[in-house]
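To start, the structure itself, in structure tokens.
Just so you know, these numbers use all the heavy atoms, side chains as well, and skip hydrogens, waters and symmetry mates. Just so it is clear: chains get the letters A, B, ... in the order the sequence lines come, proteins before strands, and each one is counted from 1.
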Amino acid sequence: MKILKKWANISIFAGTKYLSLHSSQFIELLYQWHAAIERHLPWKVDTNPYKIWISEIILQQTRVEQGTPYYLRFIERFPDVNSLAAAEEQEVLKLWEGLGYYSRARNLHAAAKQIVDQFSGEIPSDHRLILSLKGIGPYTAAAIASFAFGGVHAVVDGNVIRVLSRIFGITEAVDTTGGIKQINQLASQLIDRQDPGRYNQAIMDFGAIQCLPKNPICLDCPFVKSCFAYKNDMIEQLPFKAKTLTKKSRFFHYFIIENAGAVLLGRREKQDIWKGLFEFPMIESQGPDLDKTTIFMFLKDEFGINTAIGAPYIKTELKKHLLTHREIHAFVYKFEEKFELNSKSGTYFFVPNENLGNFAFPKLLHSIVQELMHIQH
DNA sequence: AAGCCGGGGAT
DNA sequence: ATCCCAGGCTT
């Protein structure tokens, strides 16, 4: 169910149809501000396109503080394109474990192979070619092109959307193609063609430090005199988003099936949450309850475990796992009895408990995995 | 165009 | 509890 936010009628205030600031004025004010504030981040020390690429992917929808340790570990293990391309996907995912949005890791790995195969192991400098790489969209292509190669391509991320929509009064919803098109046009008009990298860095820093999502620091903002949102008292309303996200509940039931110091594991292959990561045999249900018949039918069908009928187990509930648009309720069923597989399962396999550390798991399962690894057999 | 993908921190 | 984070892919 989509619900328009209550201030949806702000569109009656027409946004500026022309620039309230010319590009040169905007750039001058921006650089003046930037000179005093500039952030110093590990990946800003050079223009190595590989390092810029990795950092940009890691920082997609991810805060600097959260991504930095992952970046440092990633660069240490995979210092260049070739080392990344030569790795097993499982190891790349293991390095990504806990960071979320795992398609980033899978696409990063695929793109490394792409670069080796198609571009002799060198990240292309052409914007169009950069954009052809897996996991690289408009934002990341512009970032790499400008930061690494000096290409004149304006970055448009959450920061830029916020800054431009407020200063220049873009009142059309920024989560629609029309709104984002306006932002893109504006961004490409404003960019410093002499030093696009510096400009892109500065405007994102400005959004991250001064023009904050909540309680922006308008008092000493260099743009306050010409800012549309400030003048019209619309700081809280811009950027305007038309869509609201709905939080859905999902119920996961995990079965800990052990034998001889090993535990059954499977890899999530479907186009769904945590694709590519490992987990224990599981059933998803519509609600928190799962009847015993369903459990034992699953064990029998999946593993041919006849002896499991009526086998006692201990059911525990994990802490509610909260995501942006999901609320995951997870239950763990631990069987005392040792099972032997009567028929081979295509999707699950036994892994010695002490080897669980080699597999990437969703954060949700970390506590269970830790527990299993430390059991003495 | 809409829905989906994770986890964490700020408010 | 809600929003948002150096977005992009699939349907």
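- If you check every strand for non-hydrogen atoms under 4.0 Å, A:Thr176 touches nothing.
- When each of A:Asp157 and A:Gly135 is assigned the nucleotide of DNA chain C bearing its nearest heavy atom, the one mapping closer to the 5' terminus is A:Asp157.
- A side-chain donor-acceptor contact under 3.5 Å links A:Gln25 to the backbone of A:His22.
- Contacts between residues 98-113 of chain A and DNA chain C, defined by a heavy-atom separation under 4.0 Å, are made by A:Tyr101, A:Asn107.
- Between B:dG3 and C:dA6, the distance separating the two P atoms is 25 Å to the nearest Å.
- With P as the reference atom, B:dG8 and C:dC9 are 24 Å apart, rounded to whole Å.
- The closest donor-acceptor contact from the side chain of A:Ser55 to the backbone of A:Ile52 lies under 3.5 Å.
- The distance between the ring centers of A:Phe280 and A:Phe255 does not fall below 6.0 angstrom.
- Residues of residues 124-131 of chain A having a heavy atom closer than 4.0 Å to DNA chain B: none are found.
- Nucleic acid contact class of A:His325 (heavy atoms, under 4.0 Å, all strands): base.
- Side-chain atoms of A:Thr62 and base atoms of B:dG7 include no donor and acceptor less than 3.5 Å apart.
- Between the A:Arg268 side chain and the A:Ile273 main chain, a donor and an acceptor come within less than 3.5 Å of each other.
- Take the nearest nucleotide of DNA chain B for A:Lys363 and for A:Asp175: the residue whose nucleotide is more 5' is A:Asp175.
- Ionic pairing of A:Lys94 and A:Glu97 is present here: one or more N-O contacts between side-chain nitrogen and carboxylate oxygen are shorter than 4.0 angstrom.
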_ring pair (Phe, Tyr, Trp, His ring centres under 6.0 Å), that's the test. Do A:Phe26 and A:Phe223 meet it? Break it down for me._
CA-CA 8 Å; A:Phe26 183 78; A:Phe223 300 105; 4.9 Å; yes
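- Each of A:Asn215 and A:Arg326 was matched to the nucleotide of DNA chain B holding its nearest heavy atom; the match closer to the 5' end belongs to A:Arg326.
- Considering only residues two or more places apart in sequence or on other chains, A:Gln60 meets the side chain to side chain donor-acceptor pair (under 3.5 Å) condition with A:Thr140.
- Nucleic acid contact for A:Asp272: sugar-phosphate only, since backbone atoms but no base atoms lie under 4.0 Å from a heavy atom of the residue.
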